[in-house]
Amino acid sequence: MISKYSNQKNEIKENEIKEAAEEIKNGKLVLFPTETVYGIGANALNADAVKSIFVAKGRAQDNPLIVHVSSIEMLKKIVKEIGDIEKKLIETFWPGPLTIIFKRNEILPNVVTANLDTVAVRMPNNIIAKKLIEYSELPIAAPSANISGRPSGTKVEDIIEELDGKVSYILDGGFVDIGLESTVVKIEGENINILRPGKITKEQLEQISKQVKIDKNVLGKVEKNEVVASPGMKYKHYAPKTECMMVYSENQNKMINKINEIVKQQKAENKKVLILCRNQNFDKYISNLKWNIGKTLEDMAKNIFTLLRKADKENIDLIIIEGVENKGIGLAITNRLIRSCAYNYIVL
Ligand code: TXA
Ligand code: MG
């Protein structure tokens, strides 16, 4: 199958979004942009269509999908109840990069939720995503657009090789805004539990409830056979093919010295090492092989996945990435980096 490709980058073509919506209605897959990362979408109410997402991604059957909606009416059709905290979260953060776990309705096929009695839902804030859902008049189940285990897709050029031919329609919306997947939360009593950190930060969630907890697996490593709050925590994630390592210290000089030391050692063994560093530290590294990941944490969030994918094309032996502090969106960056590095990290 050849995917129909629409290049929307600079202008949104209504008729193309409508064509893609027809594909969704017909049980086909559509690659589409959201404000966080690209998604591979299908009609969430059609079990066969949803199954084909798992096949396209090579995704484990027990890892449930996020359902994307464009209205509260649509949300009400797929969930049992909307609690008070959930209501406040919706009013404050939707449409936007926040996924909320609800008790699910029977209307959803089991394959979407991997047989759980809950469903993860979000209302995206990207105009193409919104219209795709509106025009198809269906909730859209969509995981991040990448082969399972690989870094998520933040622009079509990065993922076209691995997904072309696996979807019926590609809506190209250019480079996404945020670059990391949504924050996933589950409410228990007065507690907001963060299962996956993202652009909506702990500090922002604390405006809704004082009791915001970060699940221990956000920064910890899942043990074999451990029961986890979110199935996605168990799997290899966001990983480039190249070996990768994160180094962090609150003291920037300490971090830079450590990275320079590792680079020296690796070079002595004839290894090709790439440093991914912030703009402000760029000149402090001795190596010539270094890429700027941007100035702010927001820049870094946006650039990580695309740079890891780029590094995979360069025959590099080791990628060393600067870590960041776990505040604000820094928590989400750290969560992705330690997984990209398969827990190979040093904190000094
Ligand atoms: O930003 C995003 O959230 C992107 C865009 C496309 O919307 N989507 C995304 O989907 O990142 P995915 O499938 O890559 O990640 C969904 C995460 C997984 O870790 C999954 O285990 C978790 O959400 N999840 C889904 N349903 C759940 C549920 N009922 N309970 C707990 N965790 C759930
Ligand atoms: Mg994913």
Side-chain angles (χ1 to χ4, degrees), residues 29-42 44 50 53-54 56-70 78-80 93-105 108 110-126 128-130 132-133 139-154 159 162-163 167 171 173 176-188 193-200 215 217-218 222 227-239 301-302 305 332 335-336 339-340:
L29 302 186
V30 172
L31 182 71
F32 68 101
T34 82
E35 71 277 37
T36 56
V37 298
Y38 274 80
I40 308 177
V50 174
I53 297 179
F54 284 83
K57 279 196 62 143
R59 183 177 176 108
Q61 294 287 335
D62 69 348
N63 194 4
L65 304 178
I66 294 174
V67 178
H68 299 69
V69 298
S70 59
I78 58 174
V79 306
K80 281 229 157 67
F93 299 112
W94 278 13
L98 180 76
T99 296
I100 307 172
I101 312 281
F102 297 90
K103 281 260 176 311
R104 62 175 277 209
N105 261 342
L108 284 169
N110 285 330
V111 58
V112 176
T113 65
N115 293 311
L116 297 177
D117 61 357
T118 54
V119 59
V121 189
R122 93 176 179 98
M123 190 185 287
N125 190 19
N126 169 291
I128 299 176
K130 274 189 196 167
L132 180 67
I133 306 165
I140 295 183
S144 53
N146 51 274
I147 295 292
S148 274
R150 303 265 300 133
S152 304
T154 49
I159 43 180
E162 67 193 52
L163 295 173
V167 297
L171 288 171
V176 297
D177 286 336
I178 298 172
L180 297 180
E181 306 80 354
S182 60
T183 305
V184 178
V185 295
K186 187 171 188 180
I187 315 308
E188 273 157 17
N193 295 329
I194 300 178
L195 306 185
R196 181 177 72 183
K199 175 81 199 270
I200 304 294
D215 191 277
N217 287 320
V218 163
V222 177
V227 177
V228 290
S230 185
M233 290 167 172
K234 291 187 298 192
Y235 295 105
K236 178 182 157 202
H237 251 129
Y238 321 116
K302 189 164 169 172
F305 288 146
N335 167 269
R336 305 310 191 274
R339 284 169 176 74
S340 299

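Read the numbers this way: they start at 1 and go in the same order the structure lists the ligands and their atoms.
Backbone and side-chain nitrogen or oxygen atoms of Arg59 are examined, and one is located within less than 3.5 angstrom of a nitrogen or oxygen of ligand 1. Any N or O atom pair closer than 3.5 Å counts here, and Ser144 shares at least one such pair with ligand 1. Polar contact check, Thr34 against ligand 1: no nitrogen or oxygen pair lies under 3.5 Å apart.
Scanning Ser148, Ala141, Pro64, Pro33 for the heavy atom closest to atom 27 (C) of ligand 1 points to Pro64. Of the candidates Val184, Ile101, Asn193, Ile101 brings a heavy atom nearest to atom 30 (N) of ligand 1.
Residue contact annotation: Ser144 places an N/O/S atom under 2.8 Å from the Mg ion (ligand 2).
Taking atom 15 (O) of ligand 1 as the reference point, the nearest protein heavy-atom neighbour is Arg196 NH1, 3.1 Å. The protein non-hydrogen atom at the shortest distance from atom 19 (O) of ligand 1 is Gly232 CA, 3.3 Å. Annotation: atom 4 (C) of ligand 1 to nearest protein heavy atom, Val37 CG2, 3.8 Å.
Judged by the shortest distance from any of its heavy atoms, Arg122 lies inside the 4.0 Å radius around the atoms of ligand 1.
Of all heavy-atom pairs spanning Leu31 and Ile40, the tightest one is CD1-CG1, 4.2 Å. In terms of heavy atoms, Val112 sits closest to Ala44 at CG2-O, 3.3 Å. The shortest heavy-atom contact between Pro124 and Thr34 is CB-CB, 4.4 Å. The two residues Tyr38 and Ile159 make their nearest non-hydrogen contact at CB-CD1, 4.0 Å. Annotation for Ile147 and Ala56: closest pair CD1-O, 3.6 Å, computed over non-hydrogen atoms.
Close contacts between ligand 1 and Ser182 involve ligand atoms 1 (O), 2 (C), 3 (O) [criterion: under 4.0 Å to a heavy atom]. Interface atoms of ligand 1 facing Pro231, defined by a heavy-atom separation under 4.0 Å, are 21 (O), 32 (N). For ligand 1 and Ser230, the ligand atoms under 4.0 Å from any heavy atom of the residue are 19 (O), 20 (C), 21 (O), 22 (C), 24 (N), 31 (C), 32 (N), 33 (C). In the vicinity of Gly39, heavy-atom distances shorter than 4.0 Å reach the ligand 1 atoms 6 (C). Taking a cut-off of under 4.0 Å to the non-hydrogen atoms of Ile66, the atoms of ligand 1 that pass are 3 (O), 8 (N), 9 (C), 10 (O), 16 (C). Every atom of ligand 1 is numbered from 1 in the order shown, and the set under 4.0 Å from a heavy atom of Asn63 is 18 (C), 20 (C), 21 (O).
There is a side-chain donor-acceptor pair under 3.5 Å between Ser182 and Thr99.
For His68, every heavy-atom contact with ligand 1 shorter than 4.0 Å involves the side chain, none the backbone. Only the backbone of Ala229 comes within 4.0 Å of ligand 1, counting heavy atoms alone; no side-chain atom from C-beta on gets that close. In His237, neither the side chain nor the backbone holds a heavy atom less than 4.0 Å from any atom of ligand 1. Contacts of Thr118 with ligand 1, taken as heavy-atom pairs under 4.0 Å, involve both backbone and side chain.
Contact check for Arg59 versus Pro143: side-chain heavy atoms found under the 4.5 Å cut-off.
A salt bridge is defined here as a Lys NZ or Arg NE, NH1 or NH2 lying under 4.0 Å from an Asp or Glu carboxylate O, and Arg122 with Glu181 fails to meet this definition.
By the neighbour-count criterion of 12 heavy atoms within 6.0 Å, atom NZ of Lys199 is sparsely surrounded, having that number or fewer from other residues, nucleotides or ligands. A 6.0 Å sphere centred on NZ of Lys80 holds more than 12 heavy atoms belonging to other residues, nucleotides or ligands.
Ring pair Phe32/His68 is perpendicular by interplanar angle, where above 60° counts as perpendicular and below 30° as parallel.
Considering Val67, Val119, Val121 as possible partners of Arg104, the one that fulfils the side-chain contact (heavy atoms from CB on, under 4.5 Å) test is Val119.
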